[in-house]
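Residues: numbered from 1 along the sequence shown. Heavy atoms only: backbone and side chains are in, while hydrogens, waters and symmetry mates are out. Each ligand, and each atom within it, is numbered from 1 in the order the structure gives. Quick caveat: nothing in here was measured; it's all calculated off a predicted structure.
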Amino acid sequence: MINDTICAPATAMGGAIGIIRISGEQAIEIASSIFSSDLTKAEPNTIHYGHIVSSGKAIDEVLVSAFRAPHSYTGEDSVEISCHGSRYILNKVLELLVQQGCRMANPGEFTQRAFLNGKMDLSQAEAVADLIASTNKATHQMALSQLRGGISSELAVLREKLLKLTSLLELELDFSDHEDLEFADRSELLELAKNIDNKVTNLAKSFEVGQALKNGIPVAIVGKTNVGKSTLLNRLLRDDRAIVSDVHGTTRDTIEDTIDINGITFRFIDTAGLRETTDTVEKIGIERTYTAIEKAQIVLWVIDQEPTESELQEILEQIKGKTLVIIQNKVDSEPQNSNKKCSIFNVQCSMFNVQCLKISAKTGEGIEALETAIYEAANIPSITENDVIISSARHYDALTRAHEHLQRVLDGMTMELSSDLLAEDLRLTLDTLSDITGGQISTHEVLGNIFTHFCVGK
Ligand SMILES: Nc1nc2c(ncn2[C@@H]2O[C@H](COP(=O)(O)OP(=O)(O)OP(=O)(O)O)[C@@H](O)[C@H]2O)c(=O)[nH]1
Ligand SMILES: [Mg+2]
């Protein structure tokens, strides 16, 4: 029901100030009924000082902001009450509001109303949740671009092109018996369709970057037992996260944590050291190491002495398809006269075109250079708020389906199918793309699914 009036705390409990949000037809009347002065004549976008009153007693000294439809976040009459952040006060005010006829809002219900009232499209509404959840510069930029309509405007351009293609094909159909009329060249239409498909595919491809930025780029730390993997994890996290000991096989399970390097989140995964073992638990741990390698984008292979050429080749064999950085640890315990800069190891690595670094996880030597190497290995394109990057699985799914429909259009065109057969797939492409902005979505189930991931009060 969209015409009831909802309320919810909009701030986390425990701050100096707590804000309660109310939205709906009765928002101003209900707020007025618990406020020390009359708000029903309040001008739009005004702030009022006074008290929240219950049975003639003041509960708190507050500021009340009043917004009139359609100029509010939800597009409805809305009120925000700024109280002191006490849990007691906030609960009391909410209780009074419910007594006066408000309903407690579901998660994301304010934003859902903003969408249903046409204040934003669905991709922008989703960006609100991403903006709140953003933890670093990259995720902030992505959410901001989406909120400002980045995806929506890219899709609007695609829509224009698809409509043009559809109408040109329809023209062929309508006048196909007029032999003397000339139509747009089929090869031109094919170019147009290819151009649309390229754009759709590129957007879908950006999902990989979007996912990596959102969840952190997975970096597995692997190698034989006792080489200092867990010490390295702790050093990178600047935290005593994993147990370190000189016993071989200390780490039995994968241990994950994230840090930001230059505004990008990396998810480091410390793993059980690789060795032959008969221990059942350790075996399971080692299986998990291989799973971690599979899932990682970057693998840091740690060794504690110069590898032989065959060892190096063995490592390269195991890490196919991943970005590999070989790390020789424990340089602090290397003999004084060993040349740290130029070794056979370095020469070999450059022969195999692999990055290699010498560090001491114990003293911190070489860690800064390692962080730079990890950042470079991630190969993240620099992102500005104007770049459109897909970070939602729902959008990715729609783009993949749109690409499939477009493929059928392209195949049909090369097979010179008639326009009416192509039109159906073109219509499906349009429908699928408009799922992203919410043009076609009306079922409660789909909307409910999207908005339950929001926090209450947003
Ligand atoms: N001298 C020196 N010792 C180190 C360094 N890094 C780790 N160690 C020592 O090497 C031993 C093993 O370190 P861990 O970090 O537990 O090694 P690991 O690779 O996680 O070992 P497993 O979990 O058994 O696979 C410990 O005694 C560490 O103190 C280093 O840079 N220099
Ligand atoms: Mg360990």
Open item on the list: Under the rule for ring pair (Phe, Tyr, Trp, His ring centres under 6.0 Å), what residues qualify as partners of F67, not counting sequence neighbours?
Closed with: none
Output yes when [X] and [Y] qualify as a salt bridge under the 4.0 Å nitrogen-oxygen rule, no when they do not.
{"X": "D304", "Y": "K224", "result": "no"}
{"X": "D431", "Y": "R427", "result": "yes"}
{"X": "E109", "Y": "R103", "result": "yes"}
{"X": "R238", "Y": "E371", "result": "yes"}
{"X": "E154", "Y": "K199", "result": "yes"}
{"X": "K205", "Y": "E208", "result": "no"}

Open item on the list: Using a 4.0 Å cut-off on heavy atoms, what residues surround ligand 1? Order them by chain and number.
Closed with: T225, N226, V227, G228, K229, S230, T231, V244, S245, D246, V247, H248, G249, T250, T251, G273, N329, K330, D332, S360, A361, K362
Task: Ring-face cation of R21 near Y73 (centre distance under 6.0 Å, axis angle within 45°) - done: yes
Open item on the list: Distances under 2.8 Å only: what protein N/O/S atoms are near the Mg ion (ligand 2), ordered by chain and residue?
Closed with: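 Sorted hits: S230 OG, T251 OG1.
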- [ ] With sequence neighbours excluded, give me every side-chain hydrogen bond (donor to acceptor under 3.5 Å, both in side chains) pair touching residues 81-98.
- [x] D60-H84
